[in-house]
**Q** 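Below is a structure I'd like to ask you about.
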2 protein chains.
Amino acid sequence: MFSKSCEYGIRAAVYIASEAHEGHKVGIAEICRHIEAPRHFTAKILQTLSRRNIISSQKGINGGFYLDDSQKKKSIKEIVEAIDGNGLFTGCGLGLKRCSETKPCPIHKQFKEIRRKLTEMMEGKDIGTLAIQLKKGRVVLM
Amino acid sequence: MFSKSCEYGIRAAVYIASEAHEGHKVGIAEICRHIEAPRHFTAKILQTLSRRNIISSQKGINGGFYLDDSQKKKSIKEIVEAIDGNGLFTGCGLGLKRCSETKPCPIHKQFKEIRRKLTEMMEGKDIGTLAIQLKKGRVVLM
DNA sequence: TACATAAAAGATAAAAATGTCTTTTTATCC
DNA sequence: GGATAAAAAGACATTTTTATCTTTTATGTA
């Protein structure tokens, strides 16, 4: 369903939100240890999320990644869109260029409904809430 | 959502079912013209579907692809499984190796629900019915 | 200022997905 | 049996995704 990049991106963002804040940042090595993701590849993904203002980063001593309060309110849909674009939420299920309401593909209607639910689910999950569940031990990242 | 292989596979199967039967088979060139798909790549996909008994093929003069009655009853879920396996219907949404009910990933519950609906939708769509809708002009493949 | 640290950026590389071309096999017709 | 047509199979090429390694830039601290 999601690309590896999105999987790592979401897992990393939730881990960072659960462990870091303005005054205490976490480094890429620690992040990748806790989410079982490849270090350099994940670093690139976090660069993207940082550029898109979904997470924050700081270079130098005591630097690392963290999320501020407004970033913790962002949904995982925003992560997916930042990394892979909105194709998952908009394109035709069978890849037709000219699929539309009047000339629909064979799975148009039902696929649209599923996509709506997927979008809803992704929009309803904000990073901060997932991070809290992680700290409580209700969910895991590996 | 689906791979290109699955998109082409589903489109091709529906087209074949709509135009061919035991006594009148359609060739790969005609198929690809009508679904706007790359010829040789699609040919490979159809080989797979044929081996998996989802479509039928015949070599030689007047040969080509077709579906028998039992094959027309197969669902598009079977096409996806034949081509890409069942990862889309079973794996963890965030790619965790050890995601489970007791140790779930942060989107486990909702993702499971979406996957259930997707599975249901795919199981409910049989190739023959979609082919009929195509013949009636209610749906398109390009 | 010099040094240490950590992310950012750039260069490569490996693997997988997608796409194309050629040859082989098989079935049918004459 | 020979010619022909069409899928099957194999080889190769391209693109995208995933992954790794190295160099650069920014930042805090002594």
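Quick note on labels: first sequence line is chain A, next is B, and so on, each numbered from 1. Predicted model, so just to flag it, every value in this text is computed and none were measured.
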**Q** What residues form a side-chain contact (heavy atoms from CB on, under 4.5 Å) with A/His34, not counting sequence neighbours?
**A**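 Partners of A/His34 by the side-chain contact (heavy atoms from CB on, under 4.5 Å) criterion, ordered by chain and then number, come out as A/Tyr15, A/Glu30.
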**Q** Mind jotting down which residue pairs meet the salt bridge (Lys or Arg N to Asp or Glu O under 4.0 Å) criterion with at least one end in residues 54-70 of chain B? Sequence neighbours excluded, please.
**A**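 Every pair satisfying salt bridge (Lys or Arg N to Asp or Glu O under 4.0 Å) with a residue in residues 54-70 of chain B: there are none.
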**Q** Mind jotting down which residue pairs meet the ring pair (Phe, Tyr, Trp, His ring centres under 6.0 Å) criterion with at least one end in residues 71-121 of chain A? Sequence neighbours excluded, please.
**A**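 Every candidate ring pair (Phe, Tyr, Trp, His ring centres under 6.0 Å) pair involving residues 71-121 of chain A fails, so no pair, neighbours aside, qualifies.
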**Q** So, B/Glu81 side chain and B/Asn86 main chain: donor-acceptor pair closer than 3.5 Å or not?
**A**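 No; zero donor-acceptor contacts below 3.5 Å.
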**Q** Pairs in or reaching into residues 41-55 of chain B: which pass salt bridge (Lys or Arg N to Asp or Glu O under 4.0 Å), with residues at least two apart or in two chains?
**A**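 Counting only pairs at least two positions apart or across chains, no salt bridge (Lys or Arg N to Asp or Glu O under 4.0 Å) contact touches residues 41-55 of chain B.
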**Q** For nucleotides 28-30 of chain C, list the nitrogen or oxygen atoms of the protein found under 3.5 Å from its nitrogen or oxygen atoms, one pair per line.
**A**
unit_1 : atom_1 : unit_2  : atom_2 : d
C/dT28 : OP1    : B/Gln58 : NE2    : 2.7

**Q** Checking only heavy atoms, does the side chain of A/Gln47 share a donor-acceptor pair with the base of C/dA7 at less than 3.5 Å?
**A**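 No, no donor-acceptor pair under 3.5 Å.
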**Q** Please examine the side chains of A/Pro38 and A/Thr42, heavy atoms only from C-beta on, and report whether any two atoms are closer than 4.5 Å.
**A**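 Yes, their side chains come closer than 4.5 Å.
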**Q** Should A/Ile76 and A/Phe2 count as side-chain neighbours, where that means a heavy-atom distance under 4.5 Å?
**A**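 No, too far: nothing below the 4.5 Å cut-off.
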**Q** 5' to 3' on DNA chain D, which nucleotides open and close the contacts with chain A (atom under 4.0 Å from a heavy atom)?
**A**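 Contact span on the strand: D/dT18 to D/dT29.
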**Q** Contact between A/Pro106 and A/Leu94 at the side-chain level, heavy atoms closer than 4.5 Å - yes or no?
**A**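 Yes, side chains in contact.
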**Q** For B/Leu46, does its backbone N or O pair with a side-chain atom of B/Ser50 as donor and acceptor, under 3.5 Å?
**A**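 Not at all, since once roles are kept as given, no pair shorter than 3.5 Å links the two residues.
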**Q** For a quick check of understanding: with a heavy-atom distance under 4.0 Å over all strands, which category does B/Leu46 fall into, base, sugar-phosphate or nothing?
**A**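 B/Leu46: no heavy atom of the nucleic acid under 4.0 Å.
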**Q** Below 4.0 angstrom, which residues in residues 64-92 of chain B have at least one non-hydrogen atom near DNA chain D?
**A**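 Only B/Gly64, B/Phe65 qualify.
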**Q** Mapping A/Tyr8 and B/Gly63 onto DNA chain D by nearest heavy atom, which one lands closer to the 5' end?
**A**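 Here B/Gly63 is the residue nearer the 5' end.
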**Q** Below 4.5 Å, heavy atoms only, C-beta onward: do B/Glu36 and B/Arg11 meet side chain to side chain?
**A**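 In contact.
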**Q** Would you please confirm or rule out a distance under 4.0 Å between OP1 or OP2 of C/dA17 and any side-chain N or O of B/Ser5?
**A**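 No, outside the criterion.
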**Q** Just jot down the ring pair (Phe, Tyr, Trp, His ring centres under 6.0 Å) partners of B/Tyr8, sequence neighbours excluded, or say none.
**A**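 In terms of ring pair (Phe, Tyr, Trp, His ring centres under 6.0 Å), with neighbours along the sequence ignored, B/Tyr8 is linked to B/Phe41.
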**Q** What distance separates B/Glu22 CD from B/Gln58 CD, expressed to the nearest 0.5 Å?
**A**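 Spacing of CD (B/Glu22) from CD (B/Gln58) equals 7.5 Å.
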**Q** In whole Å, I'd like the distance from the CD1 atom of A/Ile45 to the P atom of C/dA7.
**A**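 To the nearest whole Å, that distance equals 15 Å.
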**Q** Given salt bridge (charged side-chain N to carboxylate O under 4.0 Å, His left out), test A/Glu113 with A/Lys109 step by step and report yes or no.
**A** CA-CA 7 Å; A/Glu113 175 64 11; A/Lys109 204 170 156 222; over 6 Å; no
**Q** For nucleotides 20-23 of chain C, list the nitrogen or oxygen atoms of the protein found under 3.5 Å from its nitrogen or oxygen atoms, one pair per line.
**A**
unit_1 : atom_1 : unit_2  : atom_2 : d
C/dC21 : N4     : B/His40 : ND1    : 3.4

**Q** Mind calculating the distance between CD (A/Glu30) and P (C/dT5) to the nearest angstrom?
**A**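 These atoms are roughly 16 Å apart.
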**Q** Determine whether a donor-acceptor pair (N or O, by modelled atom type, separation under 3.5 Å) exists between the side chain of A/Arg39 and the backbone of A/Ile28.
**A**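 Checking the backbone N and O of A/Ile28 against the side chain of A/Arg39, no donor-acceptor pair under 3.5 Å is found.
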**Q** List the residues meeting side chain to side chain donor-acceptor pair (under 3.5 Å) with B/Asn62, not counting sequence neighbours, and say none if there are none.
**A**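 For B/Asn62, no residue satisfies side chain to side chain donor-acceptor pair (under 3.5 Å) once neighbours in sequence are set aside.
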**Q** For B/Lys125, what residues pass the salt bridge (charged side-chain N to carboxylate O under 4.0 Å, His left out) criterion, not counting sequence neighbours?
**A**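 For B/Lys125, no residue satisfies salt bridge (charged side-chain N to carboxylate O under 4.0 Å, His left out) once neighbours in sequence are set aside.
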**Q** Using a strict heavy-atom distance below 4.0 Å, which residues from residues 17-25 of chain B are in contact with DNA chain C?
**A**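 DNA chain C contact set from residues 17-25 of chain B: none.
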